[in-house]
Amino acid sequence: MSKVSYSVTHAPYRYMGILGCSGYDPNSTIICLTANGENHYLKEGIVEGSLLFVDTNEVFLRGELNVFQTSSDEPKYKLTRKKPRNSTYVGKVLMAVNQYQTPA
């Protein structure tokens, strides 16, 4: 595919250092997080810098890609298939998007 279309409905934007896309209802249950360097989910195409769209309205399902908050002081998140100790369930991964950067 050589064409890339611009969508006014889901225009890209950056907020507080996180890249995402607009177009979701302001009352939406979807949040966007960025994957760190722990490449444990390469089979699913999730690599460092991937954008993770997480549906906070979905219930926890063991074996699925779930997100948990592991620290309450400064929010830290963990992508896992099972519930880590001392954590709070955030939601289930709805979509992962890879970002590509051209060399400087």
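Here the structure is a predicted model, which means the values were calculated and not measured.
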| request: Would you name the heavy atoms of Lys78 and Pro84 that are closest together and state the gap between them? | output: CD-CG, 4.2 Å

| Just wondering, more than 12 heavy atoms not from Lys76 lying within 6.0 Å of its NZ? | no

| task | For the residue pair Leu65 and Glu44, establish whether any side-chain heavy-atom pair is separated by less than 4.5 Å. | result | yes

| field | Validation row: Thr34, Leu52 side chains within 4.5 angstrom (heavy atoms) | value | no

| Is it true that a side-chain atom of Tyr89 and a backbone atom of Lys83 form a donor plus acceptor pair closer than 3.5 Å? | no

| query | Could you walk me through whether Ile30 and Leu94 pass the side-chain contact (heavy atoms from CB on, under 4.5 Å) check? | reply | CA-CA 8 Å; Ile30 297 173; Leu94 174 69; 3.7 Å; yes

| Straight-line distance of Asn86 CG to Gln69 CD, nearest 0.5 Å | 12.5 Å

| message | Just to verify, what does Glu64 make a side chain to side chain donor-acceptor pair (under 3.5 Å) with, not counting sequence neighbours? | response | none

| field | Candidate pair Val97 and Phe53, rule side-chain contact (heavy atoms from CB on, under 4.5 Å), full reasoning | value | CA-CA 8 Å; Val97 179; Phe53 289 83; 3.8 Å; yes

| By side chain to side chain donor-acceptor pair (under 3.5 Å) - contacts of Ser50 (at least two apart) | Asn98

| request: Side-chain contact test, heavy atoms from C-beta onward, threshold under 4.5 Å: evaluate it for Leu33 versus Val67 and give yes or no. | output: yes

| Partner set under ring-ring contact (aromatic ring centres under 6.0 Å, His included) for Tyr77, not counting sequence neighbours | none

| remark: Closest non-hydrogen contact found for Lys92 with Asn66 is CG-OD1, 4.0 Å

| said: Looking at every non-hydrogen atom in both residues, tell me the closest pair between Val90 and Phe68 and how far apart they are. | reply: CG2-C, 3.9 Å

